[in-house]
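Everything below concerns the one structure shown next.
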Amino acid sequence: MRELAEWMQTSALGHFMRESGAWTYAVVNLFHILGVASLFGSVLVLDLRLMGVGRRIPLAALADATVPVATAGFTVAAITGVGLLATKATEYVGNPFLVIKFPAIALGLINVLALRLSPAWQARRQRELSRRELRQLSLIGGLSLACWLTAFTAGRMIAYW
């Protein structure tokens, strides 16, 4: 882990983030926050719907609106997060919140894959879902919310360690 952190910090990106002025870090951090906000806002709305809140809103229509925003938000947050980490990666080695954040993100992404592969998710446009399928989606939504809340909270706490 230490070797990877040293490599990141001494990379061209690490040097760029540290040496190109205070505004670079501030702008990258701003975009990271916007990416996280877009991701979490979309995930929150979709997960709550999967858990049964707002059943009057068709799942397919809600997913069509939230999934692209979540995808874009994750992409922006991931790209900018690499830049933020490269700025002082060696200082983060040993930070317990980093050890919590990355596995939570990985579990969140695995949960996304599980959702996309679930028969209930695939059938959401064609027919009314059964009670069993709705329970499966509710479980996936609850797990998703737990993963992303953990990742975001740990990410925020990294700065305070």
Side-chain angles (χ1 to χ4, degrees), residues 1-51 53-54 57-117 121 124 137-138 140-161:
M1 181 74 155
R2 182 102 179 129
E3 294 80 21
L4 177 61
E6 288 173 1
W7 176 82
M8 284 186 76
Q9 191 165 315
T10 59
S11 70
L13 178 60
H15 285 291
F16 175 78
M17 289 296 297
R18 284 188 307 281
E19 297 167 7
S20 58
W23 282 105
T24 300
Y25 187 89
V27 169
V28 171
N29 194 31
L30 172 65
F31 276 92
H32 187 68
I33 291 167
L34 292 173
V36 168
S38 298
L39 171 60
F40 185 66
S42 300
V43 164
L44 178 64
V45 169
L46 182 58
D47 287 347
L48 288 175
R49 174 58 184 85
L50 290 174
M51 293 167 63
V53 176
I57 302 167
L59 178 57
L62 187 68
D64 288 346
T66 57
V67 169
V69 176
T71 302
F74 178 81
T75 302
V76 170
I79 291 169
T80 56
V82 170
L84 295 174
L85 182 60
T87 304
K88 50 184 180 177
T90 58
E91 294 180 29
Y92 296 128
V93 173
N95 187 317
F97 294 107
L98 199 65
V99 177
I100 294 168
K101 178 180 179 171
F102 289 128
I105 291 170
L107 290 173
L109 292 174
I110 290 168
N111 196 59
V112 168
L113 181 62
L115 174 65
R116 292 188 56 95
L117 295 176
W121 181 257
R124 73 190 184 281
L137 291 179
S138 180
I140 290 171
L143 289 171
S144 172
L145 205 50
C147 290
W148 294 114
L149 274 172
T150 300
F152 300 144
T153 302
R156 190 65 204 120
M157 297 308 293
I158 288 169
Y160 298 106
W161 181 257

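Sequence positions, counted from 1, serve as the residue numbers for this chain. Quick note: numbers below take in every heavy atom, side chains included, and nothing from hydrogens, waters or symmetry partners. All figures in this text were calculated on a predicted structure; none of them were measured in a lab.
- Side-chain contact between Asn111 and Trp148: absent, with no pair of heavy atoms (C-beta onward) separated by less than 4.5 Å.
- Here ring-ring contact (aromatic ring centres under 6.0 Å, His included) pairs that include residues 2-23, with residues two or more places apart or in two chains, number zero.
- Arg49 places no side-chain N or O within donor-acceptor distance of the main-chain N or O of Leu62, the cut-off being under 3.5 Å.
- To the nearest 0.5 Å, atom CZ of residue Arg124 and atom CG of residue Leu50 are 9.5 Å apart.
- Each side-chain hydrogen bond (donor to acceptor under 3.5 Å, both in side chains) pair with one or both residues in residues 81-97, not counting sequence neighbours, appears once here: Gln9-Thr90.
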As a quick check of understanding, evaluate side chain to side chain contact (heavy atoms under 4.5 Å, CB included) for Trp121 and Ile140, giving each step before the final call. CA-CA 10 Å; Trp121 181 257; Ile140 290 171; over 6 Å; no
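- With sequence neighbours left out, Thr80 forms a side chain to side chain donor-acceptor pair (under 3.5 Å) with His32.
- The distance from the CZ atom of Phe152 to the CG atom of Leu44 is 10.0 Å, given to the nearest 0.5 Å.
- Here OG1 of Thr150 is found 9.0 Å from CG of Leu107. Values are rounded to the nearest 0.5 Å.
- Residues Trp161 and Leu98 are not in side-chain contact: their nearest non-hydrogen atoms beyond the backbone lie 4.5 Å or more apart.
- Of all heavy-atom pairs spanning Ala70 and Leu39, the tightest one is O-CD1, 3.5 Å.
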Give the C-alpha distance, both sets of side-chain angles, the deciding distance and a yes or no for side chain to side chain contact (heavy atoms under 4.5 Å, CB included) between Met51 and Leu145. CA-CA 10 Å; Met51 293 167 63; Leu145 205 50; 4.2 Å; yes
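- With a 4.5 Å cut-off on side-chain heavy atoms, Leu34 and Val76 do not count as touching.
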Using the rule given for side chain to side chain contact (heavy atoms under 4.5 Å, CB included), can you reason through Leu137 versus Leu59, listing the C-alpha separation, both sets of side-chain angles and the distance that settles it, and then say yes or no? CA-CA 11 Å; Leu137 291 179; Leu59 178 57; 3.8 Å; yes
Can you list the steps and then say if Asp47 with Val53 is a side chain to side chain contact (heavy atoms under 4.5 Å, CB included)? CA-CA 9 Å; Asp47 287 347; Val53 176; over 6 Å; no
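- From Leu85, atom CG reaches atom CG of Leu4 across 8.0 Å, with rounding to the nearest 0.5 Å.
- For Arg18, the CZ atom is densely surrounded, since the number of other residues' heavy atoms within 6.0 Å is greater than 12.
- Annotation: Phe31, atom CZ; neighbour count of heavy atoms from other residues, nucleotides and ligands within 6.0 Å does not exceed 12.
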